[in-house]
> 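Let me give you the structure first, and then I'll get to my questions.
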Amino acid sequence: MHKILVTGGAGFIGSHTCTALLENGYEIVVVDNLSNSSRKALERVRIICGINEDTGASTSPANSRLVFHECDLLDQEALAQIFAQYEIEAVIHFAAFKAVGESVEKPLAYYRNNLQGTINLCEQMAKHGVKKIVFSSSATVYGVPDSVPIAETAPLRCTNPYGWTKFMCEQIPRDFANADIARSVALLRYFNPIGAHPSGLIGEDPRGIPNNLLPYVLRVAAGQYPQVNIYGQDYPTPDGTGIRDYIHVVDLAAGHVSALKYIDRHTGTEAFNLGTGNGYSVLEIIQAMEKACGCPIPYQITERRPGDAAEGYADNTLARLKLGWIAQYGIDEMCRDAWNWQQKNPRGYENASV
Ligand code: UD1
């Protein structure tokens, strides 16, 4: 059977997407360098999906529904071996550096890693006749938008090197598809993925102090940090705090399965926003999390964070019409599942036996 290659499959969105793929009957090969992820996430994906197979002696990797290779996309030889070993039908490409602040400090590392990894992957695809790729992009490519909701046709601009790597990496598979009419590409622009698998077995496990709002709020709720710093309450929004389109990671994962089916039937390149279409302010998120965890979440108002937009939420019409995809979960479920994950895994995957 042909397999789906998932780069960065041990990460937050990657592990949830692996689960969705396996639940939909796909067989997957995961490639991840574990630089910002844990192999435990994949062990837990196996548990969720009831994969008990022994990946050692009795099952050859070619027959396993989930195989894992610890491999860096910059290691061209190792990547070539994986493409030679499996019949790859399509690729879902998550593996990339993703911290905005770090990208400002180390822009060249970001350009090298994210661009070169994507180029190496497309090169192997070309060599082995793999024609389909789903690329993990971000609403960050819209920068500070002129208006909301944001449609795929909105102007693209970025405010930091991480954002530019997503912008440039979109162009690589796009041109790759332009060079061969049989190729097909889906560029998925995620809004703000939060939540966790309802089992509480997989979730977001940021290393160090989280940059994003939700993981930070979770740690305050768990008593690990004293308060949330709200970056500005003087935005032109109803309560003055920034508005974003938060989307349950399980919905986002389902979007990848829909995109995979779409590119199976269509050639060329298409970009899709994956968001719920609903905006929530920072204060509303804190309130929703207070409801989920049943405890007060202290906060203080601080300076705006440079580069932040007042407001951003998706026009998801294209994903609804063309992918037949629609978000199922609301903000309360996102907070409930995130809190469940936090409670069951107070230190993430660290020190967990499985
Ligand atoms: C950020 C990144 C974006 C990336 C996305 C997903 C920036 C400028 N943008 O988007 O490139 O694609 O994450 O990973 O970093 N907030 C607080 N206090 C906090 C953290 C955030 O008030 O401690 C506010 C922000 O001002 C914003 C909202 O919460 O209004 C969401 O922030 P965040 O979770 O970092 O996501 P984005 O800024 O949308």
Side-chain angles (χ1 to χ4, degrees), residues 8 11-14 36 94 96-105 107 110 114 135-145 148 150 156-170 187-195 204-221 224-249 252 273-276 278-289 297-314 331 334-335 338:
F12 174 43
I13 307 171
N36 190 27
F94 293 104
F97 291 164
K98 62 163 191 181
V100 172
E102 187 185 58
S103 81
V104 175
E105 286 156 30
Y110 269 66
N114 294 3
F135 175 66
S136 172
S137 187
S138 166
T140 196
V141 297
Y142 299 118
V144 176
V148 286
I150 308 169
L156 303 186
R157 51 171 90 102
C158 302
T159 58
N160 56 71
Y162 157 74
W164 284 115
T165 69
K166 287 294 173 192
F167 174 90
M168 293 175 189
C169 282
E170 280 198 358
L187 308 172
L188 302 185
R189 295 177 181 156
Y190 314 145
F191 280 69
N192 293 57
I194 62 169
E204 187 168 16
D205 183 18
R207 294 198 177 159
I209 300 170
N211 303 304
N212 296 117
L213 179 65
L214 230 290
Y216 202 98
V217 169
L218 280 176
R219 290 193 183 179
V220 174
Q224 294 176 20
Y225 298 139
Q227 80 239 326
V228 179
N229 297 308
I230 298 185
Y231 298 147
Q233 200 180 15
D234 56 352
Y235 283 106
T237 59
D239 67 20
T241 65
I243 290 179
R244 295 290 183 276
D245 184 337
Y246 297 91
I247 173 169
H248 199 300
V249 65
L252 196 63
N273 285 339
L274 293 185
T276 64
N278 302 314
Y280 289 93
S281 73
V282 178
L283 282 171
E284 285 173 324
I285 290 297
I286 291 175
Q287 279 158 14
M289 191 53 84
I297 298 177
Y299 63 83
Q300 64 177 7
I301 310 294
T302 62
E303 291 292 292
R304 286 185 182 192
R305 182 172 63 181
D308 271 358
E311 201 171 17
Y313 52 91
I331 199 70
M334 298 181 211
C335 290

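Atoms within each ligand, like the ligands themselves, are counted from 1 in listed order. Note that the coordinates shown come from a computational prediction; the quantities given were computed from them, not determined experimentally.
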> Strictly below 4.0 Å, N to O, side chains only: are E170 and R189 in salt-bridge contact?
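Answer for the salt bridge query: yes.
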> About how many Å separate CD1 of I297 and CZ of R219, when rounded to the nearest 0.5 Å?
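These two atoms lie 14.0 Å from each other.
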> Can you sort out the partners of Y162 under ring pair (Phe, Tyr, Trp, His ring centres under 6.0 Å), two or more places apart, ordered by chain and number?
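Residues passing ring pair (Phe, Tyr, Trp, His ring centres under 6.0 Å) with Y162: none at all.
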> Can you list the residues that meet the ring pair (Phe, Tyr, Trp, His ring centres under 6.0 Å) rule with F167, with sequence neighbours excluded?
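Ring pair (Phe, Tyr, Trp, His ring centres under 6.0 Å) list for F167, sorted by chain: W164.
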> I'd like the contact residues of ligand 1, where contact means a heavy atom below 4.0 Å.
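Residue list for ligand 1: V100, S138, T140, Y162, N192, N211, N212, L213, N229, I230, Y231, G242, R244, Y246, V282, R305, D308.
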> Please enumerate all residues that pass ring pair (Phe, Tyr, Trp, His ring centres under 6.0 Å) together with F94, with sequence neighbours excluded.
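For F94 the ring pair (Phe, Tyr, Trp, His ring centres under 6.0 Å) partners, ignoring immediate neighbours, are H256.
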> Please say whether the positively charged group of R304, taken as NZ for Lys or CZ for Arg, lies over the ring of Y235, i.e. under 6.0 angstrom from the six-membered ring centre and within 45 degrees of the axis.
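Output yes; distance and angle both within limits.
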